[in-house]
Amino acid sequence: MEEVRSSTAWVSTHSSHVTVDFSGIEKVAETMKNTLPKVEWDFEGIHYFDNGPLTVQYLLVLDTLNFCFWPDEDLSYDHLASGLKATLESDKTAFDADRLQKCTGPQLRKMLNWPRALPLEDERVRLLHEVGLELERSFEGKAYKLVESCDKSAAKLVALIACHFPGFRDHTVYKGHQIFFYKRAQIFAADLWGAFKGQGYGDFEDISSITIFADYIVPAVLQQLGVLRYSLSLVSIIKKNTEIISGSEEEVELRACSVYAVEKMKELISEKTGKQVGLAHCDYIALLLSSVVLSVELDLWLWAFGIQCPSLQHHRTLSIYY
């Protein structure tokens, strides 16, 4: 995950269209120091959960398809999660590796009970085929075998996913430098951790290594909070709902500066939390080690904030990565 942190930090210092405002970070950190968000993963609502290997298979399929809903204004993540849940509840073999390899666009639409073509539908089907083939070839068709091979390391799991599944290789080139995000690979690790409450298949000793999940909503929220500032040209593009090309300077900066800003926010909240209780240095370090502020938690707080603001305007990019 150091590649994600260091490369996004590099973008923030060379950005032309997005600026990180450290005074804005300070204000948000001050607000959040006493009300740190806690992850509440949905068990009985839109997600499938049986506390076993089938949940792992479900989450991998979910995060294989978890991208780019906005071209269809009626489609949302909830439709994806609940549709896949209903499919699995009616047929426990629906996400077997051999069946994933044969899935078609119409079949996927039926799973989600969706009446028309999905955004980037051909890409979604291609990625299901890719995941099914590689699961069968390298992990006996089982996603839980993939998770078991990571030795309780979220960072290793992200690396394994990127190695085995090209569709999860969320990186790009910016001003001659390779920049890493790995949004969907990281969110798979975070989903496992949240679903299993840090136990069993969600037991990761380094969950704090996960960064935020650079997407559409988080940059828009950070801008509204005064943490990110956009150039006039970028503001105009977003207001007009003009598509920003995947891999363009503007798009990379929106995502990279979001990751960097929240990492700095996390550090500052941890610092403020420790200093507030007036601990000796050794006790302060112990507190931080026992009560680390997680990027996963901050991401959830920012995402929930954005969902509650229907007027929030985000950038538009057609991408399989978020």
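- Using bins of under 30°, 30° to 60° and over 60° for the plane-to-plane angle, the ring pair Tyr216/His315 lands in the tilted bin.
- Heavy atoms of other residues, nucleotides or ligands lying less than 6.0 angstrom from CG of Asn113 number 12 at most.
- No donor-acceptor pair closer than 3.5 Å links the side chain of Thr64 to the backbone N or O of Leu128.
- Side-chain contact between Asp170 and Arg184 is absent, with no heavy-atom pair separated by less than 4.5 Å.
- Relative orientation of the His14 and His177 rings is parallel, given thresholds of 30° and 60° on the angle between their planes.
- Tyr58 places a side-chain N or O within donor-acceptor distance of the main-chain N or O of Ala81, the cut-off being under 3.5 Å.
- In terms of modelled atom types and a separation under 3.5 Å, the side chain of Asp151 and the main chain of Ser153 share no donor-acceptor contact.
- Distance alone, capped at 3.5 Å, places no donor-acceptor pair between the Glu249 side chain and the His17 backbone.
- Residues Tyr77 and His47 bring their aromatic ring centres within 6.0 Å.
- For Glu253 (side chain) and Ser16 (main-chain N/O), a donor-acceptor pair under 3.5 Å exists by modelled atom type.
- Contact between His129 and Leu100 at its shortest, heavy atoms only, is CD2-O, 3.1 Å.
- Ile320 and Ile245 end up in different hydrophobic clusters when Ile, Leu, Val, Met, Phe, Trp and Tyr side chains are linked at under 4.5 Å.
- A donor-acceptor contact shorter than 3.5 Å links the side chain of Asp21 to the backbone of Gly24.
- Using a distance-only test at 3.5 Å, with no hydrogens or angles considered, no donor-acceptor pair links the side chain of Ser15 to the main chain of Val11.
- Of the possible donor and acceptor atoms, one in the side chain of Thr55 sits under 3.5 Å from a partner among the backbone N and O of Asp50.
- Under a 4.0 Å N-O distance rule, the pair Glu121/Arg109 qualifies as a salt bridge.
- Annotation: salt bridge (Lys or Arg N to Asp or Glu O under 4.0 Å) contacts of Arg169 (sequence neighbours excluded): none.
- Taking each heavy atom of Cys309 and Gln224 in turn, the nearest pair found is SG-NE2, 4.1 Å.
- With sequence neighbours excluded, the residues that form a side chain to side chain contact (heavy atoms under 4.5 Å, CB included) with Glu130 are Arg126, Leu127, Phe165, Pro166.
- Looking at Gln178, its side chain never comes within 3.5 Å of a backbone N or O of Ser7 through a donor-acceptor pair.
- Partner of Asp91 under the salt bridge (charged side-chain N to carboxylate O under 4.0 Å, His left out) criterion, out of Arg99, Lys85, Lys110: Arg99 alone.
- At distances below 3.5 Å, at least one donor-acceptor pair connects side-chain atoms of Glu251 with backbone N or O atoms of Gly247.
- With hydrophobic clusters built from ILVMFWY side chains whose heavy atoms lie under 4.5 angstrom apart, Trp303 shares a cluster with Phe305.
- Remark: the Ser138 side chain and the Glu134 side chain contain an N/O donor-acceptor pair separated by less than 3.5 Å.
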Show your reasoning for whether ring pair (Phe, Tyr, Trp, His ring centres under 6.0 Å) applies to Phe139 and Tyr144.
CA-CA 8 Å; Phe139 301 101; Tyr144 80 88; over 10 Å; no

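- Around NZ of Lys175, the count of heavy atoms belonging to other residues, nucleotides or ligands within 6.0 Å exceeds 12.
- Relative ring orientation between Tyr174 and Trp10 is described as perpendicular, the plane-to-plane angle rising above 60° on a 0-90° scale split at 30° and 60°.
- Sorted by first then second residue, the salt bridge (Lys or Arg N to Asp or Glu O under 4.0 Å) pairs that include residues 65-80, not counting sequence neighbours, are Asp72-Arg116, Glu73-Arg316, Asp74-Arg116.
- Side-chain N/O atoms of Thr211 and Arg5 include no donor and acceptor closer than 3.5 Å.
- Side chain to side chain, Asp96 and Gln57 fail the donor-acceptor criterion of an N or O pair below 3.5 Å.
- For Phe49 and Phe196, the gap between ring centers is short of 6.0 Å.
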Please determine whether salt bridge (Lys or Arg N to Asp or Glu O under 4.0 Å) holds for the pair Lys27 and Glu30, giving the CA-CA distance in whole Å, both sets of side-chain angles, and the decisive distance to 0.1 Å.
CA-CA 5 Å; Lys27 290 176 183 177; Glu30 185 68 26; over 6 Å; no

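- A salt bridge between Glu263 and Lys266 is present, with a side-chain N of the basic residue lying under 4.0 Å from a carboxylate O of the acidic one.
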